Amino acid sequence: MAVHGVAHAAEVLYAGLFAQQHRGQEGAGMVVSDGKLLHVHKGAGLVQEVFHGHRLSGLPGNLGIGHVRYSTCGAPRAQNVQPLVAECADGAWAIAHNGNLTNAGQLRRSYQQSGAIFQTSTDSEVLVHLLADPYYRSRVRRVGRALAELQGAYSFVLMTRDSVMAARDPYGFKPLVVGRLGEGYVFASETCALRQIGADYLREVEPGELITVNAKGLSSYRFAEPAARGAQCVFEMVYFARPDSMVFGYNVHQTRVAYGMRLASEHPVAADIVIPIPDSGMSAAIGYSRASGIPLDMGFIRNHYVGRTFIMPETGQRVAGLNLKLAVLPETVAGRRVIVVDDSIVRGNTVRQRVALLRACGATEVHVRISCPPTRRPCFYGIDFATETELAAAHREVEEIRVCIGADSLGYLSEEGLLAPFKDGPARFCRACFNGDYPVEVADRQGKLAMEPGAVAVPAEDTSEERT
Ligand code: SF4
């Protein structure tokens with residue numbers, strides 16, 4: 001998120017980050033500028049925790065950027081929390097990144113071989129080095145030239161002491177919007193942040209566009225042509241984004257309701273109640289109930305003091321979180337045929353547990369309906385979808401998965417159903433995790449810890465005698 005030209009930028013960023021907490025729970029931070037100095041505060045934890053007891057008035061300025069971290073590259077540790085800040089030859093820069101760069105490993109190795117030192121194990125840091133590189137520093141439109149070196153998925157916000165910038169990759173993988181707040185401007189991943197701070201939505205940052213806001217106002221240019229084949233992440237619509245956001249021009253809740261309605265027509269079954277997995281299955285369950293005429297009821301109660309388990313970085317945390325997160329209402333499910341609606345099955349551990357819980361509480365039949373197709377391939381563009389071997393659907397047919405999770409029936413939304421709500425451009429969406437058709441070549445497929453210390457073999461110093 002970024003703001004420019006707003007009073008008390010830190011307070012505005014705080015509110016906007018808070019609204020987007022669902023996008024990352026591991027760390028949070030912000031950098032604001034008073035025109036002379038960049039003021040930084042960041043740390044591990046939720047927005048409220050990181051800024052607890054920290055007076056936002058200690059972060060003066062009317063421009064800044066902020067970030068909530070969900071690690072898809074680099075371990076969940078303090079150094080990797082963004083924004084990243086660097087002192088370059090021409091002044092201080094701060095950057096914050098959403099997405100995954102598919103050529104970051106190559107760029108990093110190349111800079112390291114030239115003697116550069118990296119402070120983090122994230123892919124994002126290569127942009128700092130490109131910005132500092134004299135080759136780009138001396139050229140017009142240097143930021144655009146640096147961005148054009150990157151491949152993969154990125155929505156970036158950047159700042160100097162007096163300007164903020166926002167850029168989106170040519171495929172448009174990740175959402176990024178611009179809004180107006182009084183005389184100032186705001187950039188955010190989701191429109192829910194704009195609404196939270198009272199900003200008006202203007203438009204999306206276009207794929208391949210770099211927008212700069214400074215004392216002269218807003219200016220924009222294309223640093224790359226938009227890719228002929230767009231690749232907006234359809235998983236934002238399925239799970240990631242907040243239901244009250246507009247993402248890629250579509251309301252997320254309404255899209256999920258449409259998924260549920262389509263799911264009911266693709267996979268009908270006789271049952272007594274439809275229950276959602278809260279919160280992610282709620283909108284699709286409403287749609288399923290609406291289209292099937294089967295009443296919607298509350299079968300699970302969610303403990304809101306446990307965060308989003310899908311985006312927890314470690315499997316152990318996810319499993320512990322799952323155990324604490326949901327409780328069944330036996331009064332709702334006992335003696336009934338139940339349809340459970342959820343957004344996706346990734347590893348399968350979640351849904352297996354839930355089916356067993358429902359049976360233990362007296363459900364006579366459990367039918368599972370999933371509002372996206374089987375997740376068969378990993379994501380290399382910014383969603384932490386396990387390795388292929390961990391994915392429940394990577395090498396299993398639907399019937400095998402049904403047996404694994406212990407359900408009476410299992411139905412996934414078709415790929416046609418997934419794209420059906422996007423009347424003006426289904427081809428603009430990435431769905432590689434469902435069909436393996438990756439829109440951008442992935443140079444490094446080494447997983448999210450590939451840049452951790454020790455992950456790359458460093459050649460030992462050559463102590464042999466020099467030969468002439
Ligand atoms: S592979 Fe899946 S999760 Fe990754 S960007 Fe594409 S649609 Fe989104």
Side-chain angles (χ1 to χ4, degrees), residues 22-24 70-73 97-104 123-124 150-156 168-176 189-190 204-205 207-208 226-242 245 247-250 252 255-256 259 280 284 308-313 342-347 350 370-394 412-422 425-448:
H22 60 285
R23 298 191 70 84
Y70 155 56
S71 64
T72 55
C73 182
H97 174 208
N98 177 23
N100 251 37
L101 304 175
T102 54
N103 64 340
D123 54 340
S124 321
L150 303 175
Q151 292 167 13
Y154 56 90
S155 284
F156 269 108
R168 208 164 151 218
D169 68 71
Y171 289 81
F173 277 100
K174 296 292 165 187
L176 189 60
S189 291
E190 291 188 34
E204 293 189 286
V205 178
R229 169 193 180 170
Q232 300 168 140
C233 173
V234 78
F235 201 65
E236 291 276 349
M237 310 307 291
V238 171
Y239 168 81
F240 213 82
R242 217 169 86 162
S245 284
V247 170
F248 309 133
Y250 297 91
V252 174
T255 304
R256 291 177 189 167
Y259 286 164
S280 54
R308 290 185 114 182
T309 41
F310 177 84
I311 62 170
M312 286 179 178
D342 202 357
D343 61 279
S344 56
I345 296 177
V346 180
R347 293 163 182 84
T350 319
I370 301 297
S371 61
C372 71
T375 309
R376 299 195 186 281
R377 301 282 176 265
C379 173
F380 300 102
Y381 309 127
I383 300 286
D384 187 18
F385 267 161
T387 55
E388 198 163 311
T389 47
E390 292 175 286
L391 289 172
Y412 285 91
L413 186 67
S414 66
E415 200 172 318
E416 296 71 37
L418 185 74
L419 300 176
F422 313 124
R428 290 187 293 129
F429 283 84
C430 172
R431 58 256 192 211
C433 47
F434 305 120
N435 64 15
D437 180 14
Y438 291 99
V440 174
E441 179 64 21
V442 184
D444 293 313
R445 295 194 176 200
Q446 296 170 340
K448 79 183 221 183

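If you're wondering where the values come from, they're calculated on a predicted model, not measured in any experiment. Ligands are counted one by one from 1 in listed order, and the atoms in each one are counted from 1 as well.
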Short of 2.8 Å from atom 2 (Fe) of ligand 1, name each protein N/O/S atom, waters not counted. Cys433 SG
Between Tyr412 and Phe434, does the ring centre distance come in under 6.0 Å? no
Indicate, with yes or no, if the rings of Phe422 and Phe248 have centres closer together than 6.0 Å. no
Angle class for the Phe380/Tyr438 ring planes (parallel below 30°, perpendicular above 60°, tilted otherwise)? tilted
Closest approach of Arg431 to Glu415 (non-hydrogen atoms, all atoms of both residues): NE-OE2, 3.1 Å
Can you see which heavy atom on Gly382 is nearest to which on Asn100, and at what distance? N-CB, 3.5 Å
Taking side chain to side chain contact (heavy atoms under 4.5 Å, CB included) as the criterion, tell me which of Leu101, Asp169, Thr102 meets it with Gln151. Thr102
